[in-house]
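Basis for what follows: all heavy atoms, side chains included, without hydrogens, waters or symmetry-related copies. Atoms within a ligand are numbered from 1 in the order they appear, just like the ligands themselves.
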Amino acid sequence: MIIIKTPAEIEAMKEAGRVSAKVLRKTGELVRPGVSTLELDRFAENLIRMEGGRPAFLGYGGFCGTICSSVNDQIVHGIPAGDVVLQEGDIISIDTGAIVGGWYGDNAATFAVGQITEQAQRLLDVTEESMWAAIAAAQPGNHLGDIGHAVQRIAEAAGFGVVREYVGHGIGRDMHEDPNVPNFGKQGKGIRLEPGMVLAIEPMINAGTHKTRGPFVDRWTVYTADGSLSAHFEKTIAITEGSPLVLTAE
Ligand code: MG
């Protein structure tokens, strides 16, 4: 069941979104060769608490991090660890969310570690562009398929693979609400989008095949099947009568 939010509820969600966005930005600023993903995680947790929030992922399904830190061929749900030390040329997806006043915010971005290859930069650029196209499609009168189609059109035109097994989601007083928001689909198909729907839109795009492998023994980390790089960008948005409203914004 899709839970429609009132304008007052959407207003309240802005604070969870603001904290989530600030933590993502500030944590991203620490990305450099030599830093461990555990250091990034500790920083993010402290900042969320200083901002009056609680980490949304910590303890979720037993997850032990404040951030998901997914490096290179890891698509999503990488676990922060002291022995995962970033190296020049890596890319890292940082996904983080905060709970404030009972509302969830959720956002992600993929960052370059030092100098990265042109191909890696293009993957980051195309993935972010596909997210913005999907957000632009989140308008009343459009359908869920229009969001996925927007991602797929851009990513596949660039020769990249769109992950199928993991998708965006509704969000509110729970981190994962209906509907699922796939990053692939057909224009005009799926449920009709309405004002008051709040969605986490999050393309996961692989430089090679769309196929995934894992999670394995750590129960979380998902990898590209062919070892190619993967990028991930996410924002929490509200559908309004007018343009979509990005809630994970400062
Ligand atoms: Mg999400």
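- Within His169, NE2 is the N, O or S atom that lies nearest to the Mg ion (ligand 1).
- With no hydrogens or angles considered, no side-chain donor-acceptor pair links Gln74 and Thr221 at under 3.5 Å.
- Checked by atom type, the side-chain pair Asn107/Ser20 shows no donor-acceptor distance below 3.5 Å.
- Salt-bridge check for Arg18 with Glu15: passed, with a basic side-chain N closer than 4.0 Å to an acidic carboxylate O.
- Between Glu118 and Arg122, none of the side-chain N atoms (NZ, or NE/NH1/NH2) sits under 4.0 Å from a carboxylate O, so this pair counts as no salt bridge.
- Among heteroatoms of the N, O or S kind in Glu234, OE2 lies nearest the Mg ion (ligand 1).
- In terms of distance to the Mg ion (ligand 1), the nearest N, O or S atom of Asp106 is named OD2.
- Listed by first then second residue, pairs satisfying side-chain hydrogen bond (donor to acceptor under 3.5 Å, both in side chains) with a partner in residues 173-187 read Lys5-Glu177, Tyr60-His176, not counting sequence neighbours.
- For a distance bound of 2.8 Å, the N, O or S atoms of His176 include none lying that close to the Mg ion (ligand 1).
- Taking the N/O/S atoms of Glu202 in turn, the shortest distance to the Mg ion (ligand 1) belongs to OE2.
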